[in-house]
Amino acid sequence: MLVKLSSSALKQTRWYEYAVRFVLGGCATVLAGVIGSQFGVSVGGLFLALPAIFCASATLIESHERHAKEKAGLSGRRRGQQAAALDAAGAALGGIGLVAFAVVFHATVGASIALGFIAALTVWASVCVTAWWLRRKLRIVSHNRSAHSTRHRQRAPAS
């Protein structure tokens, strides 16, 4: 599955789906604020850094993909699961980038806030793009190996 930017997805999303995302994101933010007030801003910030609307978006992505395939007369269950899994992988890789952002910003903010932000943003983008590229390359290598071993097993004579 290739990742691509498509503005047509905005037209396919219904208003209530945006409302669900907004409400769940708001609830996650409020929860992070409550946790922060009880346990300190450092702990609250960790919860705020979690993808606040991930659950809603993964569910909506799965639903959209499944419905699109069902319109074409096919079972879209597997396609929906793959699309949601791809979104989850992106969220995880984005989290790695967020950690890199925090480390660089913490290390450089003492010198200059603007410099710290620019450096952290650059590192975040680099880490996310590199992580996605590595994930894709490793998945292709893994897929090729499993396809090769499947072909090898099919050719092997039965004993």
>> Checking Val104 now: which residues fulfil side chain to side chain contact (heavy atoms under 4.5 Å, CB included) with it, not counting sequence neighbours?
In response: Thr108, Ala119, Ala120, Val123
> Hey, quick one: are Trp124 and Trp132 part of the same hydrophobic cluster, counting side-chain heavy atoms closer than 4.5 Å, chains of contacts allowed?
Replying inline: no
>> As an exercise, state the distance from CD1 of Ile96 to OG1 of Thr130, rounded to the nearest 0.5 Å.
In response: 11.0 Å
>> Working to the nearest 0.5 angstrom, can you tell me the gap between Phe101 CZ and Phe117 CZ?
In response: 5.0 Å
> Going only through I, L, V, M, F, W and Y residues with side-chain contacts under 4.5 Å, is there a path from Leu121 to Ile113?
Replying inline: yes
> Quick one: hydrophobic cluster around Ile118, which other residues, with the 4.5 Å side-chain cut-off, linked directly or via members?
Replying inline: none
>> Both conditions, 6.0 Å and 45 degrees, for the charged tip of Arg136 above the ring of Trp133: are they met here?
In response: no
> Of the non-hydrogen atoms in Cys128 and Gly97, which two are nearest, and what is the gap between them?
Replying inline: SG-CA, 3.7 Å
